[in-house]
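For clarity, every value in this text was computed on a predicted model and none was experimentally measured. For this chain, numbers begin at 1 and follow the sequence in order.
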Amino acid sequence: MRCLLSPGRWSSYIPHFHPQPEVYVYKFDRPQGFGAAFIGEDTFRTETNAYVAIPGGDIHPQVTAPGYAMWYSWMIRHLPDDPWAKTRIVCEEHAWLEEDGAEAKIWDPLKK
């Protein structure tokens with residue numbers, strides 16, 4: 001599959017995982033373009049022609065830096081009798097983002 005991501009936006013979001021492994025290959029609209037891929041507890045810089053291999057079971061959201069559009073192609077291995085479409089699991093701490101009307105409240109530590 002292919003995806004074009006607008007500058008400063010997230011993809012593979014809401015953070016999720018599944019047992020199937022994946023590979024992502026990246027391109028950016030400018031040579032200096034970059035982003036980040038979060039795989040489990042690790043963070044990797046993404047840039048043109050970079051790739052990440054995601055083992056099954058790791059969370060894997062990603063983001064592109066403001067000002068740079070990111071394109072990627074991803075491949076996922078369907079395990080025998082276990083296609084990806086049935087096994088995507090949203091991380092429990094972020095599940096509220098799927099609720100109707102969910103929106104982040106801005107926290108102002110100086111406001112009393």
Side-chain angles (χ1 to χ4, degrees):
M1 301 205 65
R2 295 173 293 172
C3 182
L4 179 60
L5 197 58
S6 298
R9 301 297 301 258
W10 286 91
S11 184
S12 294
Y13 202 81
I14 298 169
H16 69 280
F17 59 94
H18 39 76
Q20 298 85 352
E22 287 181 274
V23 175
Y24 285 73
V25 178
Y26 301 90
K27 299 280 186 189
F28 287 83
D29 63 331
R30 295 177 180 262
Q32 70 273 27
F34 67 99
F38 302 83
I39 302 172
E41 297 296 320
D42 297 317
T43 304
F44 300 93
R45 179 185 170 103
T46 56
E47 52 193 29
T48 293
N49 296 327
Y51 75 92
V52 295
I54 304 162
D58 282 350
I59 63 166
H60 50 278
Q62 54 196 322
V63 65
T64 184
Y68 299 104
M70 178 174 76
W71 173 93
Y72 64 83
S73 179
W74 62 274
M75 291 102 357
I76 187 167
R77 179 174 181 226
H78 291 271
L79 302 175
D81 300 318
D82 197 8
W84 170 74
K86 296 181 181 178
T87 59
R88 186 178 195 267
I89 302 164
V90 170
C91 296
E92 187 176 326
E93 65 269 28
H94 302 294
W96 68 273
L97 292 163
E98 292 187 312
E99 297 172 6
D100 287 338
E103 60 183 59
K105 304 279 189 244
I106 296 176
W107 176 63
D108 183 355
L110 301 178
K111 189 175 182 179
K112 295 183 181 187

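Tyr13 meets the ring-ring contact (aromatic ring centres under 6.0 Å, His included) test with Trp10; sequence neighbours excluded. Applying the salt bridge (charged side-chain N to carboxylate O under 4.0 Å, His left out) criterion to Arg30, with sequence neighbours excluded, gives no partner residue.
Taken from CD1 in Ile14 to CZ in Arg88, the straight-line distance is 7.0 Å, to the nearest 0.5 Å.
Taking hydrophobic clusters as Ile, Leu, Val, Met, Phe, Trp and Tyr residues chained together by side-chain heavy-atom distances below 4.5 Å, Tyr24 does not share a cluster with Phe17. Both Ile59 and Ile89 sit in one connected hydrophobic cluster of ILVMFWY residues. Membership requires side-chain heavy atoms under 4.5 Å apart, directly or through other members.
Under the side chain to side chain donor-acceptor pair (under 3.5 Å) criterion, the residue pairs touching residues 36-46 are Arg45-Glu47, with sequence neighbours excluded. For residues 54-66, the set of pairs meeting the salt bridge (charged side-chain N to carboxylate O under 4.0 Å, His left out) definition, not counting sequence neighbours, is empty.
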Derivation and outcome, side-chain contact (heavy atoms from CB on, under 4.5 Å), residues Glu22 and Arg77: CA-CA 6 Å; Glu22 287 181 274; Arg77 179 174 181 226; over 6 Å; no
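Nearest heavy-atom pair, His18 versus Gln20, reported as atom, atom and distance to 0.1 Å: ND1-O, 3.1 Å. The two atoms that bring Ile39 and Pro55 nearest to each other are CG2-CD, 4.3 Å, heavy atoms only. In plain terms, the two heavy atoms of Val52 and Ala37 that are nearest each other are CG1-CB, 4.1 Å.
A 6.0 Å sphere centred on OH of Tyr51 holds no more than 12 heavy atoms belonging to other residues, nucleotides or ligands. The environment of CD in Glu93 is crowded: more than 12 heavy-atom neighbours from other residues, nucleotides or ligands sit within 6.0 Å.
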Could you give the side-chain donor-acceptor pairs of residues 61-69 under 3.5 Å, partners two or more places apart or in another chain?
unit_1: Gln62; atom_1: OE1; unit_2: Tyr26; atom_2: OH; d: 2.6
unit_1: Gln62; atom_1: NE2; unit_2: Ser12; atom_2: OG; d: 3.2
unit_1: Thr64; atom_1: OG1; unit_2: Tyr68; atom_2: O; d: 2.8

